Amino acid sequence: MGIEAENVSTIIAGEEIKFGKSIPVDSVQEIVRKDPENIPEIYLREMQGSVVPHLSLEIPVIDLSLLSEADEGELSRLDIACREWGFFQVINHGISPEVLQNLKSVVSKFFELPFEQKKKYSMATDDIQGYGQLYVVSEQQKLDWADVFALLIYPMKLRNMSYWPSELTSFAEAVEVYSMEANRVSKELISAISKLMGMEKDELWRIHNEVMQAMRVNYYPTCCNPDKVVGVSPHSDSSTLTVLLQDDEVTGLQVRHHGGWVPVKPIPNALVLNVGDALEVFSNGRYKSIEHRAMTNKSAPRISIASFICPQDNVELMPPDAGAHRRHRHKPKYKKIAYGEYLRSTMRRKLNGKSNIELIKLDEE
Ligand SMILES: O=C(O)CCC(=O)C(=O)O
Ligand SMILES: [Fe+2]
């Protein structure tokens, strides 16, 4: 019998936070360390969809320095990137290679710690922060070939410092410095998107009512049968935008495009940005959150670091046009739902393409 995940609540800094409970499962890193040649059945599955050969198609590249100068051409390239791809790489973002390298180095050090030491930071069964796995809601579901380490970063009151590894002296600083920069880059992009949506540049950010930012480090160990094992199942992110810092050498991320999967070839020191479900709703479907997945490989472990930029829990997900202060210029295509409720509903379900946003889609006439 499968155990269905239940809802639980926690109190962080005096506020009740309810998340779906993820069933604890074995560390994949430990499975590989003990027996690299054997993959437990629960990780084996048939792959779906064809992969577009490398280099035949690439996700767009956006130059943030041009956007910051209000370059009209770059603004329209951003519009096309968000409409046609939902994914793009950002160059000239102003984050120094040293800041990126410091973050990569501290998160690698975390995963190099002995298992017993990492376990001190294990996710509590009712939390989404810490070391472990997420989205495991039934004992029958196929599992992803990854361990994760997640932290809530902003607002500060959501931080739970007991999850921040105290033995890694430069960890907190590297996370803090990078997160501030990821926040700045997101703010610049959200300002540009706000203009593209016909609003003042600060309006979309303001609607977030103080952005919530979470960081999730994904650790994908090597895998002896990458054709049958997925690092992260196909999903869309629930965020407004996600900023992904990926390995400069090891590829793994694939993006859904016209029915196939397009591998994202890393550009050294670039960031990968994607549209999440919240932006799909805010833009009333103009920009779509895009399904993506991470693959595994035989030769090297891969680490990716996702920063999720989200509205506060109490923010109603709806296109700003549908607000009481405006005439109904466009009929909303999604049911109105508070972001916190939407986020929690996604945490109680396994990753499954765009199934979360499908649930709030209104029928078109
Ligand atoms: O590892 C990757 O490239 C993708 C990770 C991802 O999609 C996520 O953390 O939401
Ligand atoms: Fe994702």
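All ligand and atom numbering here is 1-based and tracks the order in the structure. Numbering of residues begins at 1 and proceeds along the displayed sequence. Keep in mind that this is a model prediction, so the values were computed, not measured.
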Starting from the N and O atoms of ligand 1, collect every protein N/O partner closer than 3.5 Å and put each pair on its own line with the distance to 0.1 Å.
residue, atom, partner, partner atom, Å
ligand 1, 1 (O), Tyr220, OH, 2.5
ligand 1, 1 (O), Arg302, NH1, 3.1
ligand 1, 1 (O), Ser304, OG, 2.6
ligand 1, 3 (O), Arg302, NH1, 3.3
ligand 1, 3 (O), Arg302, NH2, 2.8
ligand 1, 7 (O), His235, NE2, 3.1
ligand 1, 7 (O), His292, NE2, 3.0
ligand 1, 9 (O), Arg216, NH2, 3.1
ligand 1, 9 (O), Asn218, ND2, 3.0
ligand 1, 10 (O), Arg216, NH2, 3.0
ligand 1, 10 (O), His235, NE2, 3.1
ligand 1, 10 (O), Asp237, OD1, 3.3

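In this structure, Lys354 does not pair ionically with Asp277, as no charged nitrogen and carboxylate oxygen lie closer than 4.0 Å. The pair Asp144-Arg293 fails the salt-bridge criterion, with no side-chain N (NZ, NE, NH1 or NH2) lying under 4.0 Å from an Asp/Glu carboxylate O.
If you chain together ILVMFWY residues whose side-chain heavy atoms come under 4.5 Å of each other, Ile80 ends up in a group of its own.
With a 4.5 Å cut-off on side-chain heavy atoms, Phe88 and Arg77 do not count as touching.
When rounded to 10 degrees, the angle formed at the Fe ion (ligand 2) by NE2 (His292) and OD1 (Asp237) equals 100°.
Separation of atoms CG (Asn269) and CD (Glu98) is listed at 11.5 Å; rounding is to 0.5 Å.
At least one donor-acceptor pair under 3.5 Å links the side chain of Trp145 to the backbone N or O of Pro221.
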